[in-house]
K.L.:
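I have a structure I would like to understand better, so I am pasting it below and will then ask my questions one at a time.
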Amino acid sequence: PAFDPAYLLVVSANRPYKNTVELLEHHRLWADRYRLVIVSTRGRYGGVVRDSIRTLGLEQVVDIHDDLTERELIRLYQDCTATVYPSLMEGFGRPALEAMSVGRPVILSDIPVHRENFGGAAIFVSPGNPETWEHAFAFLGDQRRIEEASRQGLQVARGFTWEQSGARLVEALLEVEPGLAALSR
């Protein structure tokens, strides 16, 4: 898929904790400047997302895609204005890392795992706090700040190689169980 107008990208909108409906509810902040492309809405929550789109009258500015190739998804990341990932809880937040790895800014929920993994490279929103959403979308209007966030995001993404991730895992395991060190000798 290709989109001429600027768009925001949401990837993995298939569970209630992904909080996509809150983004839709804040449409007054983005719908006049951006389309919204949502990827992966399968399951019961996908129905909730689709119902919200209809209820809010957003059918003309929201596109939903459930079956994309890897190449199509990468293209969406590369061409979006920003990826928005307002999850209420996460184990990691892979869509944020995927967006950062292609130099795109991310708007993330301000939860501990996002702060820990993505720090100053993200634009944070606090779920339930409209002012933080307003700030995030105002941020998207400042090209200099977007370029800086994108640069920082690329640096963060470079830190998540297989080797570095493996080393962090070993470090964490040894912190929990120091006796495991004897196995590596």
K.L.:
Do N129 and D110 have side chains that get closer than 4.5 Å, going by heavy atoms?
P.N.:
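No, every pair of side-chain atoms sits at 4.5 Å or beyond.
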
K.L.:
What pair of heavy atoms forms the shortest contact from G91 to V113, and how long is it?
P.N.:
O-CG2, 3.5 Å

K.L.:
Do you reckon Y45 sits in the same ILVMFWY cluster as V11, going by side-chain contacts under 4.5 Å, direct or chained?
P.N.:
no

K.L.:
Identify the two heavy atoms, one from S12 and one from P95, that lie closest to each other, and give their separation to 0.1 Å.
P.N.:
CB-CG, 4.4 Å

K.L.:
Are Y77 and Y34 connected in the hydrophobic side-chain network, where two residues link if heavy atoms are under 4.5 Å apart?
P.N.:
no

K.L.:
Under a single-linkage definition using a 4.5 Å side-chain heavy-atom cutoff for Ile, Leu, Val, Met, Phe, Trp and Tyr, are L174 and L169 assigned to the same hydrophobic cluster?
P.N.:
yes

K.L.:
Please assess L58 against L36 for the test side-chain contact (heavy atoms from CB on, under 4.5 Å), listing each intermediate value before the final yes or no.
P.N.:
CA-CA 9 Å; L58 299 175; L36 181 63; over 6 Å; no

K.L.:
Would you check, one step at a time, whether the test side-chain contact (heavy atoms from CB on, under 4.5 Å) holds for L140 with L8?
P.N.:
CA-CA 10 Å; L140 292 181; L8 305 172; 3.8 Å; yes

K.L.:
For E175, look at atom CD and say whether over 12 heavy atoms of other residues, nucleotides or ligands are found less than 6.0 Å away.
P.N.:
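No, because the 6.0 Å sphere around CD of E175 holds 12 heavy atoms or fewer from other groups.
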
K.L.:
Measure the CG-CG distance between L88 and N19 for me, rounded to the nearest 0.5 Å.
P.N.:
4.0 Å

K.L.:
Is the number of heavy atoms from other residues, nucleotides or ligands under 6.0 Å of E59 CD greater than 12?
P.N.:
yes

K.L.:
Under the criterion side-chain contact (heavy atoms from CB on, under 4.5 Å), I'd like the reasoning laid out for V84 against W133: C-alpha separation, chi angles, the key distance, then a yes or no.
P.N.:
CA-CA 11 Å; V84 184; W133 287 91; 4.2 Å; yes

K.L.:
So do the side chains of E177 and L173 get within less than 4.5 Å of each other, counting heavy atoms only?
P.N.:
no

K.L.:
V37 and V62: same hydrophobic cluster, using ILVMFWY side-chain contacts below 4.5 Å?
P.N.:
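Cluster IDs for V37 and V62 differ.
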
K.L.:
What distance do L23 atom CG and W30 atom CH2 have between them, rounded to the nearest 0.5 Å?
P.N.:
6.0 Å

K.L.:
Closest approach of L9 and C80, non-hydrogen atoms and distance?
P.N.:
CB-CB, 3.9 Å

K.L.:
Indicate the atoms forming the closest heavy-atom contact of R104 with Q78, along with that distance.
P.N.:
CD-O, 3.4 Å

K.L.:
Restricting to non-hydrogen atoms, name the atom on I111 and the atom on S87 that form the minimum distance, rounded to 0.1 Å.
P.N.:
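So the minimum-distance heavy-atom pair works out to CD1-O, 3.8 Å.
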
K.L.:
Let me confirm one number: the OG-CD distance from S150 to Q155, rounded to the nearest 0.5 Å.
P.N.:
11.5 Å

K.L.:
So how far is it from I53 CD1 to D63 CG, rounded to the nearest 0.5 Å?
P.N.:
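If I round to the nearest 0.5 Å, the distance is 9.0 Å.
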
K.L.:
For the CZ atom on R145, are there more than 12 heavy atoms of other groups (residues, nucleotides or ligands in this structure) within a distance under 6.0 Å?
P.N.:
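Counting other residues, nucleotides and ligands, CZ of R145 exceeds 12 neighbours.
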
K.L.:
Does the side-chain contact (heavy atoms from CB on, under 4.5 Å) test come out yes or no for R35 and Q60, once each step is laid out?
P.N.:
CA-CA 8 Å; R35 294 188 62 73; Q60 301 304 311; 5.6 Å; no

K.L.:
Who else is in the cluster with M100 when I, L, V, M, F, W and Y are joined by side-chain contacts under 4.5 Å?
P.N.:
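Grouped by the 4.5 Å side-chain rule, Y85, F92, L97, V106, L108, F118, F124, V156, F160 form the rest of the cluster around M100.
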
K.L.:
For the pair E134 (side chain) and L29 (backbone), establish whether a donor and an acceptor sit closer than 3.5 Å, ignoring hydrogens and angles.
P.N.:
no

K.L.:
Where is the tightest heavy-atom contact between L154 and S101, given as atom of each residue plus distance?
P.N.:
CD2-O, 3.6 Å

K.L.:
Look up atom OG in S109 and atom CD in E22, then write down how far apart they are to the nearest 0.5 Å.
P.N.:
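Between atom OG of S109 and atom CD of E22 there are 9.5 Å.
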
K.L.:
Between V61 and I64, is there a shared hydrophobic cluster once you connect ILVMFWY residues whose side-chain heavy atoms come closer than 4.5 Å?
P.N.:
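Same cluster: V61 reaches I64 through Ile, Leu, Val, Met, Phe, Trp or Tyr contacts under 4.5 Å.
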
K.L.:
According to salt bridge (charged side-chain N to carboxylate O under 4.0 Å, His left out), who are the partners of R151, at least two apart in sequence or on a separate chain?
P.N.:
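Residues passing salt bridge (charged side-chain N to carboxylate O under 4.0 Å, His left out) with R151: E148.
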
K.L.:
Is any side-chain heavy atom of H26 less than 4.5 Å from a side-chain heavy atom of P130?
P.N.:
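Yes. Closest side-chain heavy atoms under 4.5 Å.
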
K.L.:
With rounding to the nearest 0.5 angstrom, report the CZ to CZ distance, F137 to R33.
P.N.:
8.0 Å

K.L.:
Can any side-chain N or O of N14 pair as donor or acceptor with the backbone N or O of G43 at less than 3.5 Å?
P.N.:
no

